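What follows is a set of notes on a single structure, which appears directly below.
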Number of protein chains: 2
Amino acid sequence: MHPAGKPRRSQPTMADVAERAGVSTMTVSRALRKGGSIAAETQRRIIAAVDELGYVLDQTAGTLSSKRSGFIAALIPSINNSNFSDTARGVTEAVEGRDLQLLLGYTDYLVQKEERLVESMLRRRPEGIIVTGGRHTERTRRLLLDADIPVVETWDIPADPVGHVVGFSNADAAGKLVHDLHARGYRNIGFIGGSSNRDTRGADRRLGYTRAIAELGLPRSRVISFGKPPISMEQGGQAIVHLISQWPDVDAAVCVSDLSAFGAVMECHRRGWSVPGRIGIAGFGDFEVSRCCHPRITTVSIDGFGIGHAAAELLLRAIEGRRRQTPIAPEVMLVPFHVIQREST
Amino acid sequence: MHPAGKPRRSQPTMADVAERAGVSTMTVSRALRKGGSIAAETQRRIIAAVDELGYVLDQTAGTLSSKRSGFIAALIPSINNSNFSDTARGVTEAVEGRDLQLLLGYTDYLVQKEERLVESMLRRRPEGIIVTGGRHTERTRRLLLDADIPVVETWDIPADPVGHVVGFSNADAAGKLVHDLHARGYRNIGFIGGSSNRDTRGADRRLGYTRAIAELGLPRSRVISFGKPPISMEQGGQAIVHLISQWPDVDAAVCVSDLSAFGAVMECHRRGWSVPGRIGIAGFGDFEVSRCCHPRITTVSIDGFGIGHAAAELLLRAIEGRRRQTPIAPEVMLVPFHVIQREST
DNA sequence: CGCAAATCTGTTATCGATATCAAGGGATGC
DNA sequence: GCATCCCTTGATATCGATAACAGATTTGCG
């Protein structure tokens, strides 16, 4: 692979390339980046030297001198949730083609972990950062503000945003779902969610449920809190059993996400409880599994990909604005949600 | 947030901290990293200065002078597949606590995209890299070899590994599944997969299926290739309809992954075809949906988390060995797979 | 033909940290 | 009491690229 007789001591540097091509490092630098003014012949020679040496640009050094790291950070709660992986894809696709790289981090729904991640991201001087939700530790807020880079919060409408926002009200969305169920005749509606507020969006959905129940004057709210959020399919199955045994008159269940809704539907199936005959079940998030299973599950559709894409576009505009010395004003972008009526209710 | 009357011009540097604490930058550097010899009182003063200034270490500069980037790269095909997200979690957890950060990339099952990703990762000089599968472009191989860092290939057993390996034979695993179905009395076994070899592991599974069919002397193989890999739940549902209409005597279907198997099972349900009465359906990967749906789906269980964890451990050992000037020899670690017999066959 | 503009390339300084070596000062040992 | 060692701190050089400016060459155009 390497020229014999000349043992490589370490990675070749730009100086090695420059020497081989008979030019200065500055010329090499220009040849390797678009937009540099350089003679075609010189460029050809340099590219050849790069190939022969197997040279790979050291972006670390470049970042230091140009003060542009060339990457943006995005933090999402979980890699396993298709809503957030859609968002990550949206960000990825929006960033594609630009000379920016995406660095992803997973907070595991924990604000403390978010704080550690934010700091370790900032150490690498991202040009912008996308976070999920509006609840952060005090120190996280301070870090984000002091970092002096554009910030976008997603999947939520924070009361006191750190920077820009691309999100929706989880409470309103869940409330809308409850109202729709009510309109279809359901009266004893329960809620299935996780047993802590760790998942703040889940907590907001429960809030929206409770509020809607009150608005509609329905009997006291029937809430099953089960398992560490985000709750799984399996836990959804267990929770529906609890719900029905605790309040036998329940005629519908709103689940904190499609995963638990799916688990609930399948468990009912297994026990011979008809869905929606015995009980209607609705989810949240419009995961593929809800579209595909039998019966198909009523849910709230959120365009996770769109959120990611819009957040990234907004971030890029903000970064661009800052580069041009014309910062843009903080924006709050509301994304729509839709209740999708399917076979399970 | 900032001290009034003293407008910040830019991010504070270590020199600012040093000045405020009345020490040299070298002392600040030592105070901020574990293991530096430093007086407790000095450290306290420095930490105080850091807090007051809101200083965040610039790791870019640190990387340049210490020649240690402090991160490892991992490339997986897709963020949406729970097998690979499990692997990513395994890597994350193995890396946690060490002073290493994980940078994830998604190849979208495309070797060309992998090549671009590898290069852009290498630009940032990772200390090691984990890739998925054993098929790469020539240039990717060269980049990885020239990079002179530990490499681990996962989820496969490459014929000619680039570095270390943590994987299993997808062909053998699929073959085992077919043999088990045969043992249970199935004779007309079909296969449902994607319509290209873009997903190399999927292609290997099809190969294992074809080989097993030949070994068992079963009638010619019935393969439905449907949709761009990785095929979705929805596509699995469409494929099973094709399979049955094309070969009405088929009595079992092996699906390239649990997602398509699930889609197939649900579609059968919808059409009133009993599973496994009319047809047995098996998947691959042991996704949560297969454990949870009704009927539960027979599948091949692979410990994706374990693969990630083991790959990271191996990589860390290799990195450590290299630091100590005692490189470790290339290792091939086989991970077990199990056919899990469930209700769908 | 001549001068200005455009194109291409090189020199020098610099980004912000850490490696390395050296030195000051107090504790310890004999 | 003096040498030795350890602990702590600092000075200087350096990592590998790019910014900014300047110089050299070519091109454009009246």
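As the structure is a prediction and not an experimental result, all values here were calculated from the model. We name chains A, B, ... by the order of the sequence lines, and we start the count at 1 in each one.
Residues Leu75(B) and Thr132(B) share a closest heavy-atom pair of O-OG1, 2.7 Å. The nearest pair of heavy atoms linking Leu144(B) to Ile129(B) is CD2-CG2, 3.8 Å. Leu100(A) and Val95(A) get closest at one heavy-atom pair: O-CG1, 3.1 Å.
Among the nucleotides dA17(D), dG16(C), dT11(C), the one closest to any side-chain atom of Met14(A) is dA17(D). Side-chain atoms of Ile38(B) lie closest to dT9(D) of the nucleotides dT9(D), dA17(C), dG10(C). In this structure, the nucleotide among dA17(C), dC8(C), dG10(C) sitting nearest to the side chain of Ala61(B) is dA17(C). Ranking dG16(D), dG10(C), dT9(D) by closeness to the Ser65(A) side chain, first place goes to dG16(D).
Applying the 3.5 Å distance criterion, the base of dG10(C) shares a donor-acceptor pair with the side chain of Arg30(A).
The nearest whole Å value for the distance from the CZ atom in Arg44(B) to the P atom in dT8(D) is 16 Å. Rounded to whole Å, atom P of dT18(C) lies 9 Å from atom CD of Gln59(B). Put simply, CG on Leu32(B) is 9 Å from P on dA17(C), counting in whole angstrom units. Between the CG atom of Asp16(B) and the P atom of dA17(C) there is a distance of 9 Å, rounded to whole Å. The nearest whole Å value for the distance from the CZ atom in Arg124(B) to the P atom in dG16(D) is 17 Å. Between Glu19(B) atom CD and dG16(C) atom P there is a gap of 15 Å when expressed in whole angstrom units. Taking atom NZ on Lys67(B) and atom P on dT14(D), their separation rounds to 13 Å, with Å as the unit. As a whole-Å value, the separation of Arg45(B) CZ from dT8(D) P is 14 Å.
Between Tyr55(A) and dA17(D) there is a side-chain N or O to OP1 or OP2 distance below 4.0 Å. Under 4.0 angstrom from either OP1 or OP2 of dT9(D) there lies at least one side-chain N or O belonging to Thr42(B). Here Ser66(A) does not reach the OP1 or OP2 of dT18(D): none of its side-chain N or O atoms lies under 4.0 Å away. Contact between the side-chain N/O atoms of Arg33(A) and the OP1/OP2 oxygens of dA19(D) is found at a separation under 4.0 Å. Contact annotation: Thr27(B) reaches the phosphate of dG10(D) (side-chain N/O to OP1 or OP2, under 4.0 Å).
Comparing Leu64(B) and Met26(B), the nucleotide of DNA chain D nearest to each residue sits closer to the 5' end for Met26(B).
If you check the side chains of Glu114(A) and His136(A), you find a donor sitting under 3.5 Å from an acceptor. A donor atom on one side chain and an acceptor atom on the other are found under 3.5 Å apart for Gln101(B) and Arg124(A).
Using a 4.0 Å heavy-atom cutoff across all strands shown, Val23(A) reaches sugar-phosphate atoms only and no base atom.
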